[in-house]
Q: 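Sharing a structure with you now.
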Number of protein chains: 2
Amino acid sequence: MTTEATTGTRSGGYANGRATREEILDVAMQLFGEVGYRTASLREVASRVGISHPGLLHHFSSKAVLLAAVLERRDEVDEVAFEADLAAGHDYFDALAILIDRNAARPGIVELYATLSAEATSPDHPAHAYFQDRYRRVIAMSVTEFERFHDEGRLRPGTDPLTAARLTVAVMDGMQIQWLLAADTPDTRPDMAAALRAHFAALLTS
Amino acid sequence: MTTEATTGTRSGGYANGRATREEILDVAMQLFGEVGYRTASLREVASRVGISHPGLLHHFSSKAVLLAAVLERRDEVDEVAFEADLAAGHDYFDALAILIDRNAARPGIVELYATLSAEATSPDHPAHAYFQDRYRRVIAMSVTEFERFHDEGRLRPGTDPLTAARLTVAVMDGMQIQWLLAADTPDTRPDMAAALRAHFAALLTS
DNA sequence: GTCTATACAACGATAGAC
DNA sequence: GTCTATCGTTGTATAGAC
């Protein structure tokens with residue numbers, strides 16, 4: 001108990017640690033989405049929050065740590081929406097296509113993930129473990145679904161559920177690159193969700 | 001005519017511009033592959049070549065220009081090998097799988113391309129136009145091949161050649177991410193070429 | 001044309017005062 | 001918890017030797 005009652009804003013004259021942490025996350029997610037993780041500077045994030053950049057580093061000890069916090073929070077939001085789609089009666093693959101469509105409204109986030117998942121392949125990258133875990137989780141979920149289809153005889157004969165799961169994740173990642181790359185040439189921009197559905201159509205029967 | 005006969009090496013006491021240029025390209029490609037484009041510094045490249053970093057900037061006026069030269073050179077090498085595979089009797093999709101397998105022996109190059117193609121989705125990235133052109137070219141080639149299969153009745157009914165081409169490129173890009181990400185956990189590492197063949201098996205008949 | 005030396009602004013990060 | 005001051009490194013620019 002080091003602080004008395006505060007308004008939760010900075011204007012009071014001194015800081016409320018918890019409010020600052022959340023505020024930093026908001027601003028960082030916004031800025032990372034706008035200009036990308038690498039272009040964004042800690043000084044700019046700090047400036048928008050209204051503190052100095054060492055002040056920011058008090059809450060997140062490095063730029064990489066801040067990034068990890070942003071990613072984790074984004075994941076939580078996405079997972080909630082995804083689960084809601086499943087609960088609303090969509091099957092797994094439909095829900096994936098809906099997720100993709102939802103992401104298409106947030107190019108900054110898509111770019112952040114596409115760039116980072118490539119960067120983070122380096123074993124010494126700060127987000128390496130995060131992305132390894134994320135891919136393991138996502139692929140495991142897809143495997144379960146394809147196995148269900150396999151048991152129902154609706155998976156293309158000769159197709160391995162694990163390979164199908166990996167191909168599906170690869171299609172989502174790869175289509176994002178093509179989609180982002182065509183941002184300034186809209187007439188050649190692919191429809192990510194439609195491509196994903198075509199991919200499923202080739203893997204599943206009936 | 002400012003130079004007399006030289007050995008082509010730096011030890012002679014003064015420079016041969018053309019040889020230096022090639023040496024810089026070698027070293028830069030190596031270093032970019034090791035640590036990525038953004039992490040690599042011009043000073044490190046210059047140091048490995050044995051010149052000062054402004055000396056390097058005499059040959060390549062900026063880091064981005066150096067990058068472009070590295071990419072162009074890599075493309076030439078790859079294209080020659082690809083054409084040779086076609087000439088050796090492999091069909092287009094076989095040649096693609098072979099290309100992938102060849103790349104699997106050069107993780108640094110794979111990482112460079114994976115990282116760059118994501119970075120370069122930003123319209124202001126120095127390699128943006130390069131990657132737009134590259135994707136347009138690669139997809140156009142694939143479309144031609146899928147159309148040929150379509151005319152022969154060997155493309156899965158209801159599949160659009162353009163979508164098939166885009167999915168194929170997406171699978172290659174996406175599988176590279178998964179392959180790179182699993183570099184330090186070899187037991188979970190996917191076989192990129194096998195996945196690509198499974199993808200073709202789902203799209204093509206007979 | 002080839003290169004060295006030097007300078008600059010911006011970055012991530014640290015040290016230590018309050 | 002936040003600050004000022006500072007460090008080392010980066011990409012880039014310019015001046016000038018040969």
Side-chain angles (χ1 to χ4, degrees), chain A residues 1-25 27-28 31-32 35-70 119 124-127, chain B residues 1-25 27-28 31-32 35-70 119 124-127:
Chain A
M1 181 87 65
T2 58
T3 64
E4 315 160 45
T6 72
T7 63
T9 77
R10 189 155 324 291
S11 52
Y14 67 124
N16 177 325
R18 238 191 118 53
T20 302
R21 237 191 97 92
E22 291 303 308
E23 205 182 344
I24 291 171
L25 280 181
V27 168
L31 188 62
F32 287 174
V35 303
Y37 166 65
R38 299 202 120 109
T39 310
S41 75
L42 293 179
R43 283 169 176 85
E44 175 65 19
V45 175
S47 161
R48 291 193 185 187
V49 177
I51 60 177
S52 66
H53 83 274
L56 189 158
L57 286 170
H58 169 73
H59 296 278
F60 302 95
S61 56
S62 76
K63 194 184 183 184
V65 168
L66 173 59
L67 168 64
V70 167
E119 278 180 24
D124 59 342
H125 191 284
Chain B
M1 176 93 65
T2 58
T3 64
E4 315 159 45
T6 72
T7 64
T9 77
R10 189 156 321 289
S11 53
Y14 61 69
N16 177 329
R18 180 121 191 93
T20 302
R21 237 190 96 93
E22 291 304 306
E23 205 182 342
I24 291 172
L25 280 180
V27 168
L31 187 61
F32 286 174
V35 302
Y37 166 66
R38 295 204 121 108
T39 309
S41 77
L42 294 178
R43 283 167 177 85
E44 175 65 20
V45 174
S47 161
R48 290 194 187 188
V49 175
I51 61 176
S52 67
H53 80 274
L56 188 157
L57 286 171
H58 169 73
H59 296 278
F60 302 94
S61 56
S62 77
K63 194 184 183 186
V65 168
L66 173 59
L67 170 64
V70 167
E119 278 180 23
D124 59 341
H125 191 283

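Treat the numbers as computed from the prediction; the structure is a model and nothing was measured. Throughout, a chain's letter reflects where its sequence line sits, starting with A, and its residues are numbered from 1.
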Q: How many Å lie between CZ on A/Arg38 and C1' on D/dT9, as a whole number?
A: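 Result: 15 Å.
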Q: Let me confirm one number: the CZ-CD1 distance from A/Arg43 to A/Ile51, rounded to the nearest 0.5 Å.
A: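 If we round to the nearest 0.5 Å, A/Arg43:CZ and A/Ile51:CD1 are 13.0 Å apart.
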Q: Nearest-Å distance, CD1 (B/Ile51) to C1' (C/dT4)?
A: 11 Å
Q: How many whole angstroms separate atom CZ of B/Phe60 from atom P of D/dA13?
A: 17 Å
Q: In whole angstroms, how far is the P atom of D/dT12 from the CG atom of B/Leu56?
A: 11 Å
Q: Just checking A/Ala64: base, sugar-phosphate only, or nothing, at a heavy-atom cut-off of under 4.0 Å?
A: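 Contact class for A/Ala64: none.
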Q: Starting from C1' on C/dT14, measure out to NZ on A/Lys63 and report it in whole angstrom.
A: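 Going from NZ in A/Lys63 over to C1' in C/dT14 covers 17 Å.
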Q: Mapping B/Arg18 and B/Arg43 onto DNA chain C by nearest heavy atom, which one lands closer to the 5' end?
A: B/Arg18
Q: Yes or no on side-chain contact (heavy atoms from CB on, under 4.5 Å) for B/Leu42 and B/Phe60, after CA distance, side-chain angles and deciding distance?
A: CA-CA 10 Å; B/Leu42 294 178; B/Phe60 302 94; over 6 Å; no
Q: Distance check needed: C/dA9 P versus A/Glu44 CD, whole Å only.
A: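 Taking atom P of C/dA9 as the reference, CD of A/Glu44 is at 19 Å.
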Q: Report the residue from A/Val27, A/Leu66, A/Thr39 that forms a side-chain contact (heavy atoms from CB on, under 4.5 Å) with A/Phe32.
A: A/Leu66
Q: Grab the two heavy atoms, one from B/Leu31 and one from B/Ser41, that are nearest each other, plus how far apart they are.
A: CD2-O, 4.3 Å
Q: Name the residue closer to the 5' end of DNA chain D, choosing between A/His53 and A/His58 according to the nucleotide with the nearest heavy atom.
A: A/His58
Q: When all nucleic acid strands are considered with a 4.0 Å heavy-atom cut-off, which category describes A/Ser52: base, sugar-phosphate, or nothing?
A: base
Q: Write down the distance between CG (A/Leu57) and P (C/dC11), rounded to a whole number of angstrom.
A: 13 Å
Q: Rounded off to whole Å, could you give me the CG-to-P distance for the A/Leu31 and C/dC11 pair?
A: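 Value for this atom pair: 11 Å.
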Q: Let's see if you can work this out: which of C/dC3, C/dT4, D/dT12 has an atom nearest to the side-chain heavy atoms of B/Pro54?
A: C/dT4
Q: Quick check: closest heavy atoms across A/Ile24 and A/His59, and the distance to 0.1 Å?
A: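 What the structure gives for the nearest pair is CD1-CD2, 3.8 Å.
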Q: Within the 4.0 Å heavy-atom criterion, would you say A/Leu42 contacts the bases, only the backbone, or no part of the nucleic acid?
A: sugar-phosphate
Q: Under 4.0 Å, counting only non-hydrogen atoms across every strand here, what does B/Ala46 touch: a base, just sugar-phosphate, or nothing?
A: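 B/Ala46: no heavy atom of the nucleic acid under 4.0 Å.
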Q: Between B/Thr20 and C/dC3, does any side-chain N or O lie under 4.0 Å from OP1 or OP2?
A: yes
